[in-house]
Number of protein chains: 2
Amino acid sequence: MAELRSYTKEELLSLKQQLDKQYASYKAQGLKLDMSRGKPGADQLAVSNGLLDAITSRDWEDDESNHSLEYRNYGLLTGIIECKRIFAKALGVEVDNVIVCGNSSLNLMFDYITQCMLTGSGGKPWKDQGHIKFLCPSPGYDRHFAIAEYYGMELIPVEMTPWGPDMDAVEELIKDPSVKGMFCVPKYSNPTGVTYSHKTVKRIAAMCPAADDFRIIWDNAYIIHDLTDNGDELDDIFDVLKKYGHEDMVIEFTSTSKISFPGAGVAALAASDRNIEMIKSRMSVQTIGYDKLNQYRHVKFYRNVDGIKKHMKLHRKILAPKFKCVVNQFEDKLSDLGIASWTDPKGGYFISLDVMPGTAKRVYQLCKECGITLTAAGATFPYGIDPEDKNLRIAPSYPPVDELMVATRILCICVKLAAIEKLLAEK
Amino acid sequence: MAELRSYTKEELLSLKQQLDKQYASYKAQGLKLDMSRGKPGADQLAVSNGLLDAITSRDWEDDESNHSLEYRNYGLLTGIIECKRIFAKALGVEVDNVIVCGNSSLNLMFDYITQCMLTGSGGKPWKDQGHIKFLCPSPGYDRHFAIAEYYGMELIPVEMTPWGPDMDAVEELIKDPSVKGMFCVPKYSNPTGVTYSHKTVKRIAAMCPAADDFRIIWDNAYIIHDLTDNGDELDDIFDVLKKYGHEDMVIEFTSTSKISFPGAGVAALAASDRNIEMIKSRMSVQTIGYDKLNQYRHVKFYRNVDGIKKHMKLHRKILAPKFKCVVNQFEDKLSDLGIASWTDPKGGYFISLDVMPGTAKRVYQLCKECGITLTAAGATFPYGIDPEDKNLRIAPSYPPVDELMVATRILCICVKLAAIEKLLAEK
């Protein structure tokens, strides 16, 4: 098949007619398929059902003075020690540099940025520093951008490369003291699947921003979420930061949302001694403690990091075919046409699809009218504005494979239709 | 026994010698007893152990498409409908005016006040309104005061009467537009055990503060926590507010921390349509949702408000003798001496003990040196300063009755010793 750009008007019209027909026949089926969010499917939820039986009343029956007795009561602000140990090992930090919390790492990030706004990240409260800015590697995670936008910060997009954010641009931008921080999903980045290279991590750790209260939200959400045998390796950020004495610059977040249950997992953060102290002094006013029984439930179910790794193979077994289903069809239906490119990530939850510039919104719309929900076009960019209107985030995890097959088929039709419309308009 | 004030110096010295001996003998035992926090005891934790078995993997085995399937996944920001119904009924509001969240109502209050600081409660953000003040009925709850203090507000003490806060004072104070709100524990108030009278609730609901963004933190923590058959009745605040069109003035909070497990309960808030919208718009940036499985666990264990009421009788059976143990000894050891008064609450978690003015700190110190931990003297007042240095908050729930007996005996000795020291110094 030749590149679509080389088609004559007549050839385009003929292909359009054919695709319109296919589109109409799908539309008539009244489908309702969802590829919009990185939400585990029902089959994935099932593999964690054992978590529901991990602790029972019998754990307290034999010995009411059991050490875990206290886990039902108030206290232990920073989490239970067994759970802290697991996260410390996974993140490559000391136990004292970890706080294990409730079910949502997004909540921890929101609360941390809120803390920076009201009481500062080390210097003056951010609220008292006038107009401030945050760096947003893009395409990136819409819920990150939403936090900074909610607090009225200016979101500065930074281009994502296959090795992480464009560090030349970042190093230039941080010369501005009103730039207060940056969002990073360093492994299997949302949505590109990119894992930051050694060099990128090193350049990030070595940064000397003009703002000495600059903070990086290091959202290590997909820390062991491989889809292949040879998953990506990410350097432990705090090891690298230590070499430059820059440990205060990064707060790391992670959770079991895509390991156990999305709605009832355990989230944690890791930070330098100084940042942990500041976070603890806020938390000690905010709460008496997080849900320690759910932390204990996770400890009993997974036991250790190896237990989690083993569990992740169950997820991979379900997820890998879904990713393959989408990528294979993209290759089959869109290759050679020169109108789209996509990622084939080694882990994480997303495929990033770049369609013909200027058509992403139209593809979203065409899909929507045919019953396929995609993440809104532009959502992966600050303010929802994709400057080239070309990126779409595809989340293959939620639908079963048969539905995914149909949804992707329709998506490919829409990608082609939108491109043809654009080419015809240009002729 | 005569009033201590009427004792001669010689009589005081003789009594002191006797008490010193008793004190020394207890001190020699190296005791470690804790009456400092409203923490349920081990026996109370045990009555909720069934909660740990309320949901198991079997709930999802039979029917993977079970409606509760989604409770394991992302979503449902405001909580699961069955749980919202229970809280709506308990708080006397519509389901849409309830949000069910994580394990800590303190966290909800902190987050709400934080929201007011950064984005306002209806008017300008509180952070942009210069010096602001918060009314603190005292003695009151130290963790409330800590939130306002953390954000640099000025804490204004308001005297607690047997019917609630001194409303004459409150009505005067709210003429100041920099007064932005008030903390209330309207039922079995911490620590006095006072339940706000009909008249107090009416006067609160009728208030027209100079600040039209004035907000009341209505912490209904002890909503069904009776210790007697004829428990106190509190008017549903939103019913009364409605009469004055003042629904926006109050945010109500509650939790199951002292119903199920203190560390792993469910917290909720109730508010007007307008406030719910504002809270939801913040929460939708803050999190994808709270732990719905724990909400579901509570629904399955308690079923409804009647189920909770029945369960509370189990707590009462454990708690009532503990309260009785303390109050009986106070009556036995301190009556007639004219140096102390105390509450005998019909519910809640605390006994408020007023010792001879100027001696509360000394009593705390004497107890501490004898191995008895009390809530720090002054903690029940803003900035930890009890103007008369007389109030002590006694929390009888945590120690077993035999320990409580000893601890109270020692406490009574310390109350008398401190009073004698003071009287001797004045002679």
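Because the structure is a prediction, the values reported are computed rather than measured. Labels below follow one simple rule: chain letters A, B, ... track the order of the sequence lines, proteins then strands, and each chain is numbered from 1.
- In this structure, the portion of D111(A) lying under 4.5 Å from any heavy atom of chain B is its side chain and not its backbone.
- R297(B) touches chain A through its side chain: at least one heavy atom from C-beta onward sits under 4.5 Å away, while N, CA, C and O do not.
- The most heavy-atom pairs under 4.5 Å with chain B, out of S105(A), P40(A), S281(A), A146(A), come from P40(A).
- Heavy-atom pairs under 4.5 Å with chain B peak, among L52(A), D128(A), L76(A), at L52(A).
- Between the side chains of S57(A) and D53(B), a donor-acceptor pair is found at a separation under 3.5 Å.
- For the pair E82(A) and Y71(A), the minimum side-chain heavy-atom distance is below 4.5 Å.
- Across N294(A), I288(A), I55(A), T114(A), the residue that shares the most heavy-atom pairs under 4.5 angstrom with chain B is I288(A).
- When only modelled atom types and interatomic distance are considered, T380(B) and Y141(B) share no side-chain donor-acceptor pair under 3.5 Å.
- Between chain B and the options T287(A), L118(A), I147(A), heavy-atom pairs under 4.5 Å are most frequent for L118(A).
- Looking only at side-chain heavy atoms (C-beta outward), M109(B) and F183(B) stay at 4.5 Å or farther from each other.
- Side-chain contact check for Y151(B) versus F134(B): every heavy-atom pair is 4.5 Å or farther apart.
- Residue contact with chain A, scored on non-hydrogen atoms closer than 4.5 Å, involves the side chain of K127(B) exclusively.
- Listed by sequence position, K258(B), F261(B), P262(B), G263(B), A264(B) are the residues of residues 258-269 of chain B in contact with chain A, using a 4.5 angstrom heavy-atom cutoff.
- At a cut-off of 3.5 Å, with distance as the only test, no side-chain donor of N49(A) or R58(B) sits close to an acceptor on the other residue.
- At a cut-off of 3.5 Å, with distance as the only test, no side-chain donor of Q295(B) or K84(B) sits close to an acceptor on the other residue.
- Although no hydrogens or angles enter the test, the distance criterion places no donor-acceptor pair under 3.5 Å between the side chain of T373(B) and the main chain of S36(B).
- Looking at K300(B) and D59(B), a side-chain N of the basic residue comes within less than 4.0 Å of a carboxylate O on the acidic one, giving a salt bridge.
- Interface residue N107(B): backbone and side-chain heavy atoms are both found under 4.5 Å from chain A.
- Contacts between D43(B) and chain A at a heavy-atom distance below 4.5 Å are absent for every atom of the residue.
- Under the 3.5 Å distance criterion, with hydrogens and angles disregarded, no donor-acceptor pair is assigned to the side chains of E154(B) and Y383(B).
- Only the backbone of S284(A) comes within less than 4.5 Å of a heavy atom in chain B; its side chain stays farther off.
- A side-chain donor-acceptor contact under 3.5 Å links T254(A) to the backbone of N220(A).
- Ranked by heavy-atom pairs under 4.5 Å with chain A, the first of R282(B), Q44(B), M283(B), R37(B) is R282(B).
- Heavy atoms closer than 4.5 Å to chain A are found in both the backbone and the side chain of Y290(B).
- Side-chain atoms of S397(A) and M35(A), non-hydrogen and from C-beta on, never get closer than 4.5 Å to each other.
- In terms of heavy-atom pairs under 4.5 angstrom with chain A, the leader among K39(B), K292(B), M117(B) is K39(B).
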